[in-house]
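Every chain is numbered from 1 and lettered A, B, ... according to where its sequence line falls, protein lines coming before strand lines.
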Protein chains: 2
Amino acid sequence: MDPLLDLPQLRTFYTLAQAGSFTACARRLNRTQSAVSHAMTKLEGLAGAPLLDRRGRELGLTEEGRRLFLACEQAFATLDAAADDLRRHQPHARGRLRLGATVEFGSSILMRHMQPFLAANPELEIDFTLRPDLLAPLLRDDLDLIIDCLDHPLPSLKKTTLFRETYVVACAPTFRKAHCLRVPVDLSGVPILSIDKAGAWWNRFLMAVPDQEQPLMDRIIEVNHIRAMIHAAIEGMGALLVPRYSVLEELRRGDLVALFPAICPAEDRFSIYQKKVKAGQEKQRLLTRYLQSLSPAEFGS
Amino acid sequence: MDPLLDLPQLRTFYTLAQAGSFTACARRLNRTQSAVSHAMTKLEGLAGAPLLDRRGRELGLTEEGRRLFLACEQAFATLDAAADDLRRHQPHARGRLRLGATVEFGSSILMRHMQPFLAANPELEIDFTLRPDLLAPLLRDDLDLIIDCLDHPLPSLKKTTLFRETYVVACAPTFRKAHCLRVPVDLSGVPILSIDKAGAWWNRFLMAVPDQEQPLMDRIIEVNHIRAMIHAAIEGMGALLVPRYSVLEELRRGDLVALFPAICPAEDRFSIYQKKVKAGQEKQRLLTRYLQSLSPAEFGS
DNA sequence: ATAAGACATGAATATGATTCATACCCATGG
DNA sequence: CCATGGGTATGAATCATATTCATGTCTTAT
């Protein structure tokens, strides 16, 4: 009877009120800012009254918004508790699961977040395979489930998107100072770290740079391993382009500094792929859900 | 973080638990039984445990289902209260709204359900126009909003579906006895009431009858008004084909009896149409929502 | 000013929920 | 025992809607 307040928009509203900004809310929900905005427009439309108080900075709630928020708080707490309850009463999934992932993601992120899952599912035996080519082993049934940033649009596979991976250009602080790196052109003639000698690795960055500002990168140092590249960069060997998640620590500690924040290289989307015929299995669904539930923040995106 | 229990499926589950059967639930929600079934399949999948206990007759809830139901009860009560609250605190919509509807639906159903809305919105002046051709006045802006069973797929119109209208063949009990009406062929040679002399009115019925059982309807009595036709039928003048909602009372009281329940003539779908440019207006949204909220049961479908 | 950050918005797209058509199951009554 | 009817399940097609993409606007800070 009351189609008003049922919709996914409410979850968004609730998260938004907690997050304090559209952008932050979007990050938490692994959506775009635009999606949050659309959702709120619609919700306010349905509610028939403004719920949000957008005065420039800090967004607040209107009186109505506040009341609605309280209701959400209570309602969602109840539902979430019920969900927990359901999960708790489930028998443990059993069996073996062979999980594949890209090397860098797997080693730097994935491994750091699997322990809680393993602990919660002691009957489940999980094996990890980190390697570049993941599709073939998946199709060969050497792996049950892979996490990959390449797109595999096969009808026999079920795809579950996880998060976007953003890239950063970075270098050691001293390196930046030494070469006066302020805009992309400044990279001309400067030592560049790349997976491949040809510099194709950097294309995703170059494509995001306006034509007039294209640097001429002629001093490329090939390093075929991301972690190695990062260490090289920390030592001041050159500038590098890497997934942001792989250098979160280094950025935080100041070992590396991000260059040209205005330039946003193309993102990759990490997804889980699994054979449709096997995606229904309890253990696969469980793991998929767990991986999804790791908030994007955990992945550092 | 918890994508499990957020979905519209929960509302369905909640309604289902109350309704006691998939079909009943579907009716309440103005969906098909199939939709309910799919939703429950998905919900149980997400929950990871069966929630419903389908043992032939009466469907019950499993232990998990019962717990979930309690949570739903509480959560939805909270949210619904919040929704009410929002509505109550809204200033009354003001203005005038010219509502058009088909004659039979308007007079027999619509009018019986508008009073609460009018009372709740004293500042709103609503005029009713019941007539067959509704589209033209709507486009001419002689009407703001029409309820029609004809499809008007114009890009400038916003369509909001309301409910399905089912048709019944019926006649007076004595009439049935007199003519031994058991299967459609028995209508051959029997007096038939129709809006049009040619009997095109009956096509929706004839199309639902298998070829071998087609009656030869050669005694057609033309009556160009549904209500008049109903009175004629009650008096035993002939068999008629009418929207079920228009004879609910007569069927209940036994003045008329439904014939051939196995035959289901094509249904009509009633929808609200309004110009997109005006659909955003508070008063129009309000009325649309109200009409939608009248459960299909109220419409007798 | 100008740049940077945060929100809005329209069109295109992707992800779903819903329907349709049909099959299945189980009681009931010729 | 098999037809019949009421109720549910299911796969494919469809339709609705949420989300993204590509912008635009507005505000605050430099």
Applying side chain to side chain donor-acceptor pair (under 3.5 Å) as the test, list every pair that has at least one member in residues 37-46 of chain B; sequence neighbours left out.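 Of all non-adjacent pairs touching residues 37-46 of chain B, those that pass side chain to side chain donor-acceptor pair (under 3.5 Å) are B:Glu44-B:Arg54.
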Just the atom pairs and distances: protein N or O near nucleotides 1-4 of chain C's N or O, under 3.5 Å.
none

Let me know the distance between [atom1] of [X] and [atom2] of [N], rounded to the nearest Å.
X        : N      : atom1 : atom2 : answer
B:Leu51  : D:dA9  : CG    : P     : 12 Å
B:Phe22  : C:dC24 : CZ    : P     : 18 Å
B:Arg269 : C:dT18 : CZ    : P     : 13 Å
B:Arg11  : C:dT18 : CZ    : P     : 14 Å
A:Asp53  : D:dT27 : CG    : P     : 14 Å
A:Phe163 : D:dT19 : CZ    : P     : 20 Å

Please check the phosphate of [N] (OP1 and OP2 only) for any side-chain N or O of [X] closer than 4.0 Å.
X        : N      : answer
A:Arg164 : D:dC21 : yes
A:Ser21  : C:dA6  : no
B:Thr23  : D:dG6  : no
A:Arg54  : C:dA8  : yes

Once side chain to side chain donor-acceptor pair (under 3.5 Å) is applied, do any residues pair with A:Asp151, and if so which ones, sequence neighbours excluded?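 If we apply the side chain to side chain donor-acceptor pair (under 3.5 Å) test to A:Asp151, skipping adjacent residues, the hits are A:Lys159, A:Tyr273.
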Going by side-chain contact (heavy atoms from CB on, under 4.5 Å), name the residues that satisfy it together with [X], two or more places apart in sequence or in a different chain.
X       : value
B:Ala24 : B:Ala19, B:Ser21, B:Arg27
A:Thr15 : A:Cys25, A:Arg28, A:Leu29
B:Ala17 : B:Leu61, B:Phe69

Quick check on DNA chain C: between B:Val36 and A:His38, whose nearest nucleotide comes earlier from the 5' end?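 Closest to the 5' end, via its nearest nucleotide, is A:His38.
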Stepwise ring pair (Phe, Tyr, Trp, His ring centres under 6.0 Å) check, A:Phe270 with A:Phe105: CA-CA 10 Å; A:Phe270 269 83; A:Phe105 171 76; 5.0 Å; yes
Answer yes or no: side-chain N or O of A:Ser34 and base N or O of C:dT9 forming a donor-acceptor pair under 3.5 Å.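 Check passes, donor-acceptor contact within cut-off.
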Can you find a donor-acceptor N/O pair under 3.5 angstrom joining the side chain of A:Gln33 to the base of C:dA6?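 It does not, because no donor-acceptor pair links the side chain of A:Gln33 to the base of C:dA6 below 3.5 Å.
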Could you pull out all residues at least two apart from A:Arg67 that satisfy salt bridge (charged side-chain N to carboxylate O under 4.0 Å, His left out)? A:Glu63, B:Asp85
Collect all protein-nucleotide pairs involving nucleotides 16-18 of chain D in which both atoms are nitrogen or oxygen and the distance is under 3.5 Å.
{"from": "D:dA18", "atom 1": "OP1", "to": "A:Gln9", "atom 2": "NE2", "distance (Å)": "3.4"}
{"from": "D:dA18", "atom 1": "OP1", "to": "A:Lys42", "atom 2": "NZ", "distance (Å)": "3.4"}
{"from": "D:dA18", "atom 1": "OP2", "to": "A:Lys42", "atom 2": "NZ", "distance (Å)": "3.1"}

Among residues two or more places apart or on two chains, list those pairs meeting salt bridge (charged side-chain N to carboxylate O under 4.0 Å, His left out) that have a residue in residues 267-276 of chain A.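 Every salt bridge (charged side-chain N to carboxylate O under 4.0 Å, His left out) pair that includes a residue of residues 267-276 of chain A, provided the two are not neighbours, is A:Asp141-A:Lys275, A:Arg164-A:Glu267, A:Arg204-A:Asp268.
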For DNA chain D, whose closest nucleotide is more 5', that of A:Thr12 or that of B:Ala24?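 Its nucleotide being nearer the 5' end, the pick is B:Ala24.
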Could you walk me through whether B:Lys158 and B:Asp144 satisfy the salt bridge (charged side-chain N to carboxylate O under 4.0 Å, His left out) test, starting with their C-alpha distance in whole Å, then the side-chain angles of each, then the deciding distance to 0.1 Å, before giving a yes or no? CA-CA 12 Å; B:Lys158 174 169 160 56; B:Asp144 299 310; over 6 Å; no
